[in-house]
Each structure stands twice: as structure tokens, then as C-alpha cells.
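Shown next, in C-alpha cells, is the structure this report addresses.
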2 protein chains.
Amino acid sequence: MATIRDVAKLAGVSLGTVSKVINGVDSVRPKLAKRVAAAMEALDYHPNQVARSLKVRRTQTIGVLVSDVANPFFTGVMRGIEGEARSHGYSVIFCDSNEDPDLERTNLDTLFARRVDGALIIPTNAHTAEQHLVRRRFPLVFIDRIPPSFNGSAVVADNFGAAEEATRHFIGLGHKRISIITGTLTLSNGLDRLEGFRKALQQAGLPLHDEYLQQGDFLLESGYRCGLKLLQHPVPPTAILCCSNQMTLGLMRAMREMSISCPDRVSILGFDDFDWAENVNPRLTTVAQPMMEMGKQAMQMLLRRITSIHEGVYGEEEKVVLKTELRVRDSTAPPLEVLDPAPHEV
Amino acid sequence: MATIRDVAKLAGVSLGTVSKVINGVDSVRPKLAKRVAAAMEALDYHPNQVARSLKVRRTQTIGVLVSDVANPFFTGVMRGIEGEARSHGYSVIFCDSNEDPDLERTNLDTLFARRVDGALIIPTNAHTAEQHLVRRRFPLVFIDRIPPSFNGSAVVADNFGAAEEATRHFIGLGHKRISIITGTLTLSNGLDRLEGFRKALQQAGLPLHDEYLQQGDFLLESGYRCGLKLLQHPVPPTAILCCSNQMTLGLMRAMREMSISCPDRVSILGFDDFDWAENVNPRLTTVAQPMMEMGKQAMQMLLRRITSIHEGVYGEEEKVVLKTELRVRDSTAPPLEVLDPAPHEV
DNA sequence: TTGAAAGCGCTACCAC
DNA sequence: GTGGTAGCGCTTTCAA
């Protein structure tokens, strides 16, 4: 493979001159520059970024550590990251920690060894394996979830507000028996959604029965299990807030198996909005998170940290909370009692 | 940041010795090795992979170029790739070409400049931008789609067989008016599915009317558009084979808008099997592709090419075709006429 | 078994 | 403007 040396020789100039041409430094006479360009072309020369990285002590690479690629939510975030990274000349090394904290740590070490300029991370759980990197002043920003006691940079969705709005939507429809299937409560996104739900209920003066609070773990199976429990209750809820797309799928399965129709018997509202949500029967009312935007802003934040640390100033950690959007479709409707109220209730 | 030099100094040994310890060469006295290890620990030393890569002329990194991360099919493949890569000590640089051939080319150049040891690629379309890399003997394997006139390594699903099996499923159910919504026909996966469909029809002595052959482009909108055309036909088909998950969603939308129920009025069968397929109403019959397996085998194939090329032998290009699986659920059923045949048809 | 030294391909500094 | 040269952090001979 041709090196800068070969190019210099063929063009009859020095290494330094070729380097300048490569890097667009314009203190090179056009004539020489042209000769160099011709030589590069002739030799099919492509600058070796590895060598460059070693010299300039920057790899123009960032690491992205997701807890599970299979989740389409992360996929959306990934798109945002990738686009923003590319437009700033960065490449991204991708790692999947498979929801495994040990793997997360190993991956982080790998990224560090490869000298990525910084990393974006969607943490697996309450683990704080990454704290040592924060202390080492390694540019790091968290996405979607914030581990407890973590005080680094992050971009998350307004989970509290989203759950509150969703719950109020139920309340506005006339629902009284409202239930929630939560995500993992050791994760900020899981907890915040529950709190938002609680607040909306409280403000409306509605009680929250213990049986109506089902704790899931964001995965399909738990949505199914919790759904079954809720629906088999002697006085089942008329509305269910489901805190992840996977769990919503599980809940739908439970409803189908029990032949409970939606929204007639129970209204459902899920987190995350994907293509399928608006094309299934009934079309699902959902809370849409700005996935791409989260990825994009996280990348921008990381870039800021990289440059500031590079300049020696270890600036303030930032935190950005992005608004969500409630998309009302057909899976939420007034409860039957309201449509056809018993006389004594009027 | 500590370097190998600092470690050597602190441990009172030479650079070479430290290097040996790092790389597990056992010609180092245990006593010294221990001293070195202690020094590394004390200095929080992490070997610089960039420097190592420059020296050994291998980055232990591969590039993955997908046409669109947002598609859950690629996500599945990605999981397979990542796991296999990691277990072999490889990292993956990820690029999304957004179905844009120019971007695909740019990304390929970036990967090359970064001196990845090889690349896995899900090409965008008929473009052959990558041919120059093949000629350059750069280790490359294609996944899912094979550009026409490409003769490099690849792992794909048995698209022909899958479509054939799916179509026969319709035929076995008693359908006579069977239609297909194809993918992009300039891509091998799009074309092979159409051919498999054709063959099954032919073998059963069934005609294929032009109006029943709708050409889509794998995307949701085209599924919707084609679905509408099909369903508005004076003599609509009783069964539709839909060649991608996105298009199936579009088709479902068309059916909902026209209030055509599935499988009563028309049976549908889609390509790709995701969580939502078996949890919507009705549960979808699908062709499942071995996504993870495709990623895994592609990575293994790439590894073989990397080592063989490294050893100077430019071995034969390989091609692997993986079996698919038909998952019969509730969206396919016998046509109404068969359930309640008119007397003269018996 | 260990150490010294060369060099991977590039950038950047300093003379000219 | 241009060229020579040192050196980024590591591996890998070759001698000792």
C-alpha cells in the first residue's frame, strides 16, 4: 500500500509538502499541489488514519454503548448519533452490552484502549461501572437512562411529563380505574414515568390501588404477565398505561388471549411510537419520544465536552430533557360506563 | 496518560519486556512479570491500541455498512455480527448509508482510510461502487442482498425457497387468486422472491395476472399504495404475499381504511418476523429469516477471508444461503369460497 | 531471558 | 513556500 513517502518521491517533493496538501493547508504552490495530487491519484494513495491518530492524539472516533440493539428505540437513537457524528467527521464504534453490566464494563475498556475521543452510553441498569471514567475526565454522555447517583452529562426524555400527560388523557376521557405497568424502577426512566403517573392521579383526586400498580421490566414477557394479572382482577381497570413498546406487545397478547377488546373494555396507551403502532388494530395511542433528536443532541453534547476537555477546561456537566409527544389514536376511548351511564350516576 | 515507557521505567525493565508481558509472551521471569504488572496497575496504564495497530498493520476492527439501521431486520443482523466480532477480539465501526449510494461510497472510503481489516455490507441497491474494493482484494462480504454482476462473498437467505413455500401455503389453503407485492426488483432479494412466487404458481397451474403483480420498493408507503390498488380491483385477490415487514404494515393500513377484514376477505403473509407480528390482530403469518445467524455467519466468513488474505492466499469467494422458516398464524386461512363452495364448484 | 534500536505512517516544528 | 527531522506508542528483530 502506498504511503506518504511514495507520494513524495513520485511528486519530487518532501513529506511535509504532501502532508500539507492532504490537510488542505494552502501554503503550497498550486503547481506543486497539482503534482502531488497527481501522484496520489497514480499511486491510489489513501492517507492512513491510524498513523495520523497516533500522531495527533485524536482518533475522530467515538464509542456508542447500547444496552440492547434489538430494541427499536435504541435504533432510532442510533440514527441520530450516526448522522451527527458523520457530519462532524467522526466515526462510531458500536458495542452492544446485551443488558449485561460486566459486558458493559469490558466494552468500555475496549473503547478506552482504542482511544475513542469520547463515548455515548445507554446504561444497562443501576450499575455504576462507568464512574471511574467520569472521574478520569473521559468525555461521556448518557442517553435515555441516568444511573442513580450519577452526576455526569445526559440527554433524556421528559418521562415524568410524558406519563403525566398520558394519564391525564385517560382522566379526561372519564376513566377512574387507571392502571400502570411500569418499567424497571431502579432506572430513572422507569421511575420517572411512575411518578408522573402518580402525580396526575393525585391531582385528579383519584386513588391508586396497589393491585393497579404492576411492576414490569420493560420486556415483552413482563407486559404479558402484568397484563394478565390486571385483567383477571375482579374489578379490572378500564385503562392501562404501559411503559414500554415491548410490554405493550405483551399486554396486547394478554388481551387477545382473554378476548378482551380494546378500546371497548379497556383502553391502552403505550410508550414509544413505531411504525407498527399506527397500523395495527386498533391503532395505538402512544407517547412518542424524540429518538433521533436524543441521539443528535447527545452527540452534540459529547462534541462540546471533547473540545472543551481538549482545551483544558473541564466544563460543567450538562443535562438536557426533551419533550415527548402524545399521539392519540384508537386504543384509548371513554370507558363504557361513561358512554352509557347508569341512572344513579348522572 | 501513562505509556509503555513509563511502565518500563517504574518497573526498572526495558520496553521490550513490558511489551512481552502485555502480549502474554511467557519468556519473562515471573518475578519481573509481576513487577511489570504492578507498575501497570500503579500507573493505571492501558495499552494504546492505535499505536499497536500502526505497528502490526492490523486494527482488529471491521466496518459494517448497513443501508438503513431503522429497519429491524438489519438490527437483528447487527446483533449476530457484534457478538461474533467481540468473541474474536474485533470491534465494529458502524455506518448507515441511508439507502444513499453516494453515502455508501463515502462510508466505504472512510472505513478504508481507518484501515479496518475488512467490511460487512448490506448494499443499498444495484450500485457497484464497491467493486473497486473487491478488485483491491479488500476483505468484503455482502449480506442479504447481492448486487447484480457481483461475484464476491455473501450470505443471504433462501429468498426463492421462502417465497415458494409461502405461496404453496396459500395454494394449499385453496386460494386461486393470489397476488404479490414485490420489493425492489433490481436487488437479488426482491427478484428471488418474485421468482419463487412465480414458480409455485406455475407448478400449481395457476395464472399470474399482471394486475396481481404489484411492484413495491420494500418501504411502508409502497405497501399501502400497492395494497390499495389490489383491493380496489374489481376481482380482488383472496391472498397477498407481501415481501417486506414495512410493506406489510402499509398493506394493513390499506385494509383497515377499506374495512377489509383479514383473514376473512383476504389472507396476508409477510416477510420478516418481529415481535409485533405475533401480537397484533390478527396474528400475522410470516416468513422468518435467520437474522442473527446471517450476521454471525457473515462475520465468520469475513474472518476467514481476513486470515487467508493475510497469509497471502486469496481464496475462493464463498456464498452461503440460509434457510428461512414459515410461521403460520392467523392472517392466512382458506378463502371464503372454499369454506362455503358454490354447488357447481364441488 | 533481557535490552537496545529500528521503524510502522504520519504531523509539526524549525531552518532555509 | 519548502524540506529535513524528531517523535507519537508500540512491536520486533538482533545482540548480549
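No experiment lies behind these values; they were computed from the predicted model shown. The sequence lines fix the lettering, A, B, ..., with proteins before strands; numbering per chain opens at 1.
A donor atom on one side chain and an acceptor atom on the other are not found under 3.5 Å apart for B/Asn107 and B/Ser97. One side chain, A/Arg114 or B/Thr61, offers a donor N or O that lies under 3.5 Å from an acceptor on the other.
Atom C1' of nucleotide C/dC10 and atom CD1 of A/Ile22 are separated by 8 Å, given to the nearest angstrom. The distance from atom CG of A/Leu15 to atom P of D/dG1 is 20 Å, rounded to the nearest whole Å. If you take CZ of A/Arg57 and C1' of D/dG7, they are 10 Å apart, rounded to a whole angstrom. Distance NZ (B/Lys9) to C1' (D/dC10): 16 Å, rounded to an integer number of Å. Put simply, CG on A/Asn48 is 14 Å from C1' on C/dG7, counting in whole angstrom units. Whole-Å rounding puts the A/Asp26 CG to D/dT2 P distance at 12 Å. If you take CZ of B/Arg5 and P of D/dT11, they are 14 Å apart, rounded to a whole angstrom. One can place CZ of A/Arg52 at 7 Å from P of C/dA12, the figure rounded to the nearest angstrom.
Among the atoms of the strands shown, none is found under 4.0 Å from any heavy atom of A/Val50. Using a 4.0 Å heavy-atom cutoff across all strands shown, A/Val13 reaches sugar-phosphate atoms only and no base atom.
Nearest nucleotide to the side chain of B/Thr3, out of D/dC10, C/dC10, D/dG3: D/dC10. When each of D/dT11, C/dG3, C/dA12 is scored by its nearest atom to the side-chain atoms of B/Thr17, the top-ranked nucleotide is C/dG3. Checking D/dG3, D/dT2, C/dT11 against every side-chain atom of A/Arg29, the shortest atom distance belongs to D/dT2.
For B/Tyr45 and B/Lys20, each mapped to the nucleotide of DNA chain D holding its nearest heavy atom, the one lying further toward the 5' end belongs to B/Tyr45. Mapping B/Gly16 and B/Leu54 onto DNA chain C by nearest heavy atom places B/Gly16 at the nucleotide closer to the 5' end.
The backbone N or O of B/Met292 lies less than 3.5 Å from no partner atom in the side chain of B/Arg79, so there is not a single donor-acceptor pair.
Looking at A/Lys55, its side chain comes within 3.5 Å of the base of D/dG7 through a donor and an acceptor atom.
Residue A/Asn23 places at least one side-chain N or O under 4.0 Å from the OP1 or OP2 atom of C/dT11. Dashed line: the shortest gap from a side-chain N or O of A/Ser14 to OP1 or OP2 of D/dT2 is not under 4.0 Å.
B/Asp102 approaches B/Asp100 most closely through the heavy-atom pair N-OD1, 2.8 Å.
Seen from the ring of B/Phe112, B/Arg115 counts as a face-on cation partner, given the 6.0 Å and 45° thresholds.
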